[in-house]
Amino acid sequence: LSVFRGSFDRQAAQEVSGASLQVLMALINKSLLVRLANDRLVVHELLRQYAAERLAEDTDAYEVAHDRHSALYCRRLQAWAETVKHPSRSTTAFDIDADQENIQVAWNWAVLGRRVTRLTEASEGLGLLFALQNRDQSGEAVFRAAVDALGPPTSGEERLLVGYLLARQALHTSHSAREGAVLVERSLTYLAGVAGSSQALTSAKAYAWFVRGRTARDTADWHTGQAAFEKSLSLYEQLGDRYWAAIVLQSLSLMAWTLDDRDSARMYFQRSLALSREIGDKIRAAYLLQAMGDMTGFDDGQVDEAEEYLLESSRLFFAIGGRIGEQNSLAPLQSAAWLRGRFSQALEIAQRRQRFAMEQGTSIVSGIDEQGMAVGELLQLMGSYDLAETEHSRFIAEVLAAGWAHVEIWARPLMAATLLALGRYTEARQALQSNIAALEQAGQYRMLGRTLAMAARAELGLGNLAAAWGHALRAVQ
């Protein structure tokens with residue numbers, strides 16, 4: 001039992017140690033094993049360390065115990081992944097949150113022993129665990145360590161595994177968009193070198209193309225990202241994987257929205273929502289309803305319809321439970337308050353979400369960036385321009401350090417609007433100049449029109465009437 005970390009359930013104790021229920025009860029009666037209120041078991045840490053030292057004296061027993069422990073929790077990760085992907089027919093009962101320490105130990109043992117098949121089967125579950133909990137730093141570190149430990153692959157099976165792990169690492173490399181792009185290119189190269197065809201290979205390629213779409217989006221290479229998402233979607237549909245197809249469709253909808261293709265955005269949203277509801281994925285449905293509410297309200301001006309989407313999204317998130325479910329339920333409420341002009345309420349919610357993201361160690365792109373933009377813009381709408389400038393400046397500095405070009409394109413016009421309100425026209429013009437070319441190249445005409453209108457206002461404030469007139473005409477066009 002010394003191979004366990006933290007608490008564990010009775011079934012795991014029996015499977016790893018081979019002990020009968022009577023033996024476990026005897027250990028509990030002698031206070032060598034403690035039964036917790038949730039019926040889980042735990043060994044006192046000092047006692048566990050002593051027992052671990054004794055176990056290490058018997059090499060064969062040590063290897064067998066650790067390998068049983070690793071095999072058990074890697075199987076559970078694989079089963080949990082199926083639970084996430086098919087919640088409506090889930091039968092998995094173990095507590096993934098309570099088992100996280102044991103999962104980490106089990107994964108590390110499999111990496112150390114180069115248990116390629118075991119790692120391949122467990123890797124999707126581990127990746128989903130980090131992604132759903134927004135733990136980018138932990139995910140990046142774990143997958144990087146695995147890639148480093150496995151070293152150059154010596155077989156097709158190892159090449160497939162390393163290629164997939166590189167894509168996972170790339171997704172969680174939130175501190176640098178450029179580094180993420182390099183990692184996913186390595187992933188695709190490895191996977192392209194795997195001979196033959198199999199479901200595992202197709203799945204790994206589909207995921208790598210999905211991450212390629214994400215990294216292209218993050219560096220504002222919109223059309224490359226769109227093509228990568230379409231490639232990923234085709235492969236997932238070939239596999240019949242509705243869970244991942246729904247995720248890729250959601251990404252395509254957001255990409256179409258960014259590129260001002262409203263009809264395609266709605267079509268992708270509806271397809272993704274239909275798939276999510278088919279498999280009972282309430283989390284994905286909640287995210288989609290929130291996005292549909294934002295698009296319907298902020299872009300189309302249909303506030304009543306948007307509020308219906310947003311409130312349904314909030315109820316779904318809250319029903320999912322847990323702290324993350326509760327916190328996610330605040331996001332659509334923030335949008336609803338914003339749309340109704342209740343800026344103070346929206347600001348309070350945004351600041352609460354920002355604090356939560358920081359407490360969780362959430363990456364800048366997974367939560368802090370969205371709230372950084374929201375807090376600055378809400379302060380601006382409330383007339384607190386100096387505070388808004390401080391928030392925008394801090395946020396833009398973080399975005400530049402991370403290389404998130406797609407976020408920078410949206411953040412600079414917000415800063416410029418604040419500078420215009422403060423009468424600092426030269427600085428506003430400087431903030432907008434680089435954006436105009438980038439938006440024109442990307443074909444983002446709605447945002448380009450807004451940016452040109454602000455550039456016209458900056459030139460007007462500086463007394464440059466001809467330049468102001470030229471920008472204004474282009475904005476109207």
Side-chain angles (χ1 to χ4, degrees), residues 173-182 184-185 211-229 251-262 264-265 294-295 298-299 364-365 368-370 372-374 376-377 380 388-389 391-420 424-459 462 464 467-468 470-477:
T173 306
S174 56
H175 60 275
S176 172
R178 288 177 289 273
E179 183 177 337
V182 170
V184 77
E185 290 302 330
V211 178
R212 178 69 181 92
R214 288 280 296 268
T215 58
R217 179 207 66 184
D218 293 340
T219 53
D221 189 355
W222 311 106
H223 297 290
T224 298
Q226 189 173 36
F229 284 140
S251 297
L252 278 166
S253 68
L254 294 172
M255 186 72 79
W257 185 5
T258 300
L259 294 172
D260 296 327
D261 185 352
R262 292 295 183 273
S264 294
D294 286 342
M295 183 171 69
F298 289 108
D299 289 351
I364 187 170
V365 293
I368 298 175
D369 74 322
E370 178 193 350
M373 279 199 292
E377 190 171 3
Q380 173 189 319
E389 184 197 0
E391 188 68 29
H392 287 318
S393 297
R394 177 199 61 77
F395 170 63
I396 289 174
E398 291 177 345
V399 168
L400 288 173
W404 299 108
H406 76 298
V407 181
E408 182 190 354
I409 285 175
W410 289 89
R412 286 201 178 279
L414 296 177
M415 169 64 95
T418 299
L419 294 171
L420 287 173
R424 289 157 55 182
Y425 302 118
T426 300
E427 293 172 75
R429 179 174 63 181
Q430 291 172 345
L432 294 167
Q433 281 175 340
S434 62
N435 256 41
I436 292 173
L439 290 167
E440 197 160 28
Q441 182 179 4
Q444 292 184 299
Y445 297 113
R446 180 170 53 90
M447 178 59 76
L448 176 60
R450 292 172 59 187
T451 302
L452 286 166
M454 284 191 283
R457 181 67 185 87
E459 296 292 357
L462 292 169
N464 301 325
H471 285 318
L473 281 178
R474 288 186 65 200
V476 171
Q477 289 168 359

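A quick note: this is a predicted structure, and the numbers were derived from the prediction, not measured.
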- Message: Consider side-chain contact (heavy atoms from CB on, under 4.5 Å). Of Leu432, Ile396, Thr451, which one does Arg412 pass it with?
- Response: Ile396

- Message: Checking Asp261 now: which residues fulfil salt bridge (Lys or Arg N to Asp or Glu O under 4.0 Å) with it, not counting sequence neighbours?
- Response: none

- Asp299 vs Trp257, side-chain hydrogen bond (donor to acceptor under 3.5 Å, both in side chains): CA-CA, chis, key distance, verdict: CA-CA 10 Å; Asp299 289 351; Trp257 185 5; 2.3 Å; yes

- Can you name the side-chain hydrogen bond (donor to acceptor under 3.5 Å, both in side chains) partners of Trp222, sequence neighbours left out? none

- Query: Any idea which heavy atoms bring Leu420 and Ala428 closest together, and the distance?
  - Reply: CD2-CB, 3.8 Å

- Task: Output all residues satisfying ring-ring contact (aromatic ring centres under 6.0 Å, His included) with Phe298, sequence neighbours left out; order by chain, then residue number.
- Result: Trp338

- Message: I'd like to know if the side chain of Thr418 pairs up with that of Gln380 as donor and acceptor (distance under 3.5 Å, no hydrogens or angles considered).
- Response: yes

- Message: Are there over 12 heavy-atom neighbours, none belonging to Arg424, within less than 6.0 Å of that residue's CZ?
- Response: yes

- Query: Side-chain contact, heavy-atom cut-off 4.5 Å: Gln226 with Leu259?
  - Reply: yes

- Would Met447 and Asn435 count as a side-chain contact (heavy atoms from CB on, under 4.5 Å) if you check the C-alpha gap in whole Å, the side-chain angles of each, and the deciding distance to 0.1 Å? CA-CA 10 Å; Met447 178 59 76; Asn435 256 41; 5.6 Å; no

- Message: As a quick check of understanding, evaluate side-chain contact (heavy atoms from CB on, under 4.5 Å) for Ile436 and Arg474, giving each step before the final call.
- Response: CA-CA 11 Å; Ile436 292 173; Arg474 288 186 65 200; 4.2 Å; yes

- Query: Atom CZ in Arg450, atom CZ in Arg446: separation rounded to 0.5 Å?
  - Reply: 7.0 Å

- Message: Restricting to non-hydrogen atoms, name the atom on Ala472 and the atom on Ala456 that form the minimum distance, rounded to 0.1 Å.
- Response: N-CB, 3.8 Å

- Would you give the length of the straight line joining atom CD of Glu459 to atom OH of Tyr425, rounded to the nearest 0.5 angstrom? 12.0 Å

- Rounded distance [0.5 Å steps], CZ in Phe229 versus CZ in Arg212: 10.5 Å

- Task: Kindly indicate, with the supporting measurements, whether the criterion side-chain contact (heavy atoms from CB on, under 4.5 Å) is fulfilled by Arg429 and Asn464.
- Result: CA-CA 12 Å; Arg429 179 174 63 181; Asn464 301 325; 3.5 Å; yes

- Item | Gln430 side, atom CD; Glu427 side, atom CD - distance, nearest 0.5 Å | 7.0 Å

- For the student: nearest non-hydrogen atoms of Thr258 and Trp410, plus distance: CG2-CZ2, 4.5 Å

- Item | Minimal non-hydrogen separation, Ala431 against Ala416, with atom names | CB-CB, 4.3 Å

- Applying side-chain contact (heavy atoms from CB on, under 4.5 Å), run through Met295 and Arg262 and close with a yes or a no. CA-CA 9 Å; Met295 183 171 69; Arg262 292 295 183 273; 4.0 Å; yes

- Item | Nearest heavy atoms of Gly376 and Glu391, plus distance in Å | N-CG, 3.6 Å

- Note on the structure: Taken to the nearest 0.5 Å, the spacing of Arg178 CZ from Thr173 OG1 works out to 13.0 Å

- Enter the distance from Glu408:CD to Phe395:CZ here, rounded to the nearest 0.5 Å. 10.0 Å

